[in-house]
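Have a look at the structure below, then the notes.
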Amino acid sequence: MSDIIQIVKSKDPTEKEFHQAVGEVMESVKPVLDRNPEYGNAKILERLVEPERVILFRVPWLDDQGTIQVNRGFRIEMSSAIGPYKGGLRFHPSVNLGILKFLAFEQVFKNALTTLPMGGGKGGSDFDPKGKSDNEVMRFCQSFMCELFRYIGPNTDVPAGDIGVGGREIGYLFGMYKKLRNEFTGVLTGKSLNWGGSLIRPEATGYGCVYFAAEMLATKNKSLEGATCLVSGSGNVAQYTVEKLLDMKAKVLSLSDSSGYIYDESGIDREKLEFVKTLKTIKRGRIKEYADKYPTAVYTPVDPALDYNPLWRHKADCAFPSATQNEVNAKDAQNLVDNGIKVVSEGANMPTVPEGVDIFIDKGILYGPGKAANAGGVSVSGLEMTQNSMRLSWTREEVDNRLRMIMQSIHKTSLDTAEQYGKPGNYVVGANIAGFVKVVDAMMDQGLV
Ligand code: NDP
């Protein structure tokens, strides 16, 4: 097992997020490998850490001044063992191969947990949509799709959104795909409702993450009613996490973006949430404007000199990290524990560093890792694919019920698997092993491909 991490590190020494994701899964699945020596003989680990295909391409586009800009585009097709590659596209200046490989690797096991037939992939670009006009974003998306269309398709690879890719970007990407292929198919998920999207898809990751937290609390005969909650981020996942927490009568105290965070001691109610949705999705403004509008809130800008995030120093019952990877460091985890946190449910992918995860687990916190807790988004993407191929649309209630059932199933599978491997209550081990076994057994069945 340590051999495989050494191999990964020596092959791609700079991809530290990928090393982190591989290390975490390998640590969890050690007992499975011990019980199943045939996996070792089949070089399963060596095959799993190598993407089936990596596509890297040039994305040239014209900005509003008529100047040529060049970005880099990527698609990592990680595993098709249990279905077509499936996973989001991220547009953010920090995007590089290592980050996308970590996300694609996580996606493989997450998708296996959903019970739907989806392989794992991820893609994106170092393009930054922030501060760009709609026309610039459209020209970029069109150029990106002019290359990507060769590799994707409704039965091959079905991308979706992620950081920096929402409904607007999916629309522009789909438009160009349709023009190039001359066919209307469910090649992307997260589409608008009137041309093939699914009800509840925008809400799914946030709602699912709250359903997962509710399931964890139910194991202790508790609920979210009256619970105080810290949420980070203010994008798609954060907004719908807040919405579902309000449905469950919890009190939400915070939101953030990459410039800083707001803490609202009187709680974020539905009217304030609507303000945030408009601010972030339509006006594309900054979270600071929340504190300008609501005097009960205090805005704290990011202080790069600090080695902790003050957002995680507030007292609360539950934390929902919903911004980005490694946003909760070991100090943050300790601060949360010292202030009595009971539940951490991850909307973002890998938001907690490994030392932080250890702290949560050692202290017996109900800790739902992103791979399990944020799987609601890809689950409803899977349901969108199903509706597209059946050429029908389910109602809001139908999709929400299915989402809730899938989150309950992911929770139960993770809990039961952890118990079976002697780690009761450890959702990290449970989720990693359950996802891993499903993918690996499919690989064994399909021979050396
Ligand atoms: P959005 O682009 O809608 O929102 C991202 C939010 O996170 C913004 O508030 C953004 O602030 C903040 N953020 C991004 N990068 C950083 C950073 N380096 N430091 C601090 N804040 C940052 O993305 P989503 O809400 O879709 O995604 C959030 C997380 O959830 C990601 O980890 C994503 O991988 C994960 N996820 C998303 C799913 C989905 O369905 N969308 C599914 C499963 C997981 P700013 O505006 O300043 O950039």
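For ligands, and for the atoms within them, numbers begin at 1 and follow the listed sequence. Values below: every heavy atom of this structure, side chains too, minus hydrogens, waters and symmetry copies.
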Contact with ligand 1 for M350, non-hydrogen, under 4.0 angstrom: no

Atoms of ligand 1, numbered as shown, that sit under 4.0 Å from any heavy atom of T324: 15 (N), 16 (C), 17 (C), 18 (N), 19 (N), 32 (O)

Protein contact of atom 25 (O) of ligand 1 - nearest heavy atom, named by residue and atom, plus distance: V237 N, 3.0 Å

Contact (N/O only, under 3.5 Å) between G164 and ligand 1: yes

Sub-4.0 Å heavy-atom approach of R286 to ligand 1: yes

Minimal non-hydrogen separation, S256 against G233, with atom names: OG-N, 2.7 Å

Heteroatom proximity flag, S322 to ligand 1, N/O under 3.5 Å: no

Region of E327 that comes within reach of ligand 1 [heavy atoms, distance under 4.0 Å]: neither

Ligand 1 to N349 polar contact by distance, N or O atoms, under 3.5 Å: yes

H92: numbered ligand 1 atoms lying under 4.0 Å from its heavy atoms: 15 (N)

Residues I152, Y85; criterion side-chain contact (heavy atoms from CB on, under 4.5 Å); working and verdict: CA-CA 9 Å; I152 62 176; Y85 309 106; over 6 Å; no

E271 and K293 ion-paired at < 4.0 Å: no

Separation between CD1 of I200 and CD of E398, rounded to the nearest 0.5 Å: 11.5 Å

Euclidean distance, E384 CD relative to R201 CZ, rounded to 0.5 Å: 7.5 Å

Protein heavy-atom partner closest to atom 31 (C) of ligand 1 - residue, atom, separation in Å: A323 O, 3.3 Å

G233-ligand 1 polar pair, N/O distance under 3.5 Å: no

D317/K342 salt bridge by N-O under 4.0 Å criterion: yes

E106/K101 ion pair, N-O < 4.0 Å: no

Protein contact of atom 48 (O) of ligand 1 - nearest heavy atom, named by residue and atom, plus distance: K130 NZ, 2.9 Å

Spacing of H92 atom NE2 and I163 atom CD1 [to the nearest 0.5 Å]: 6.0 Å

N or O contact, S234 vs ligand 1, cut-off under 3.5 Å: yes

Spacing of T219 atom OG1 and K412 atom NZ [to the nearest 0.5 Å]: 13.0 Å

Within-shell test, S256 vs ligand 1, heavy atom, strictly < 4.0 Å: yes

Nitrogen or oxygen atoms of S259 and ligand 1 under 3.5 Å apart: no

Side chain, backbone, both or neither: the part of Q325 lying under 4.0 Å from ligand 1 by heavy atom: neither

Residue, atom name and distance, where the atom is the protein heavy atom closest to atom 34 (O) of ligand 1: D162 OD1, 2.6 Å

Atom 4 (O) of ligand 1 [closest protein heavy-atom partner, distance rounded to 0.1 Å]: G235 CA, 3.3 Å

Cation-aromatic face contact K331/Y308, 6.0 Å, 45 degrees: no

For S414 against A372, the heavy-atom pair lying closest together: OG-CB, 4.3 Å

Protein non-hydrogen atom below 4.0 angstrom of atom 10 (C) of ligand 1 present: no

Distance under 6.0 Å and angle within 45° of ring axis: K272 vs Y290: no

Salt bridge flag under 4.0 Å for residues D128 and K132: no

contact_flag R90 ligand 1 heavy-atom lt 4.0 Å: yes

Under 4.0 Å to a heavy atom of R201 - the qualifying atoms of ligand 1, by number: 40 (O)

K283/E289 salt bridge by N-O under 4.0 Å criterion: no

Numbering as shown, the atoms of ligand 1 that approach A348 to under 4.0 Å (heavy-atom distance): 29 (C), 30 (O), 32 (O), 35 (C)

Atom of L100, atom of G123 and distance for their closest heavy-atom approach: CD2-O, 3.4 Å

Protein heavy-atom partner closest to atom 5 (C) of ligand 1 - residue, atom, separation in Å: I163 CG1, 4.2 Å

Minimum-distance protein heavy atom relative to atom 47 (O) of ligand 1: S258 OG, 2.4 Å

Options N374, T205, D257, N309, ranked by nearest heavy atom to atom 40 (O) of ligand 1, top entry: T205

Nitrogen or oxygen of K122 less than 3.5 angstrom from that of ligand 1: no

Closest protein heavy atom to atom 41 (N) of ligand 1, given as residue, atom name and distance to 0.1 Å: N236 OD1, 3.7 Å

Y177, Y151, F91, F174 screened by ring-ring contact (aromatic ring centres under 6.0 Å, His included) with F144, the one that passes: F91

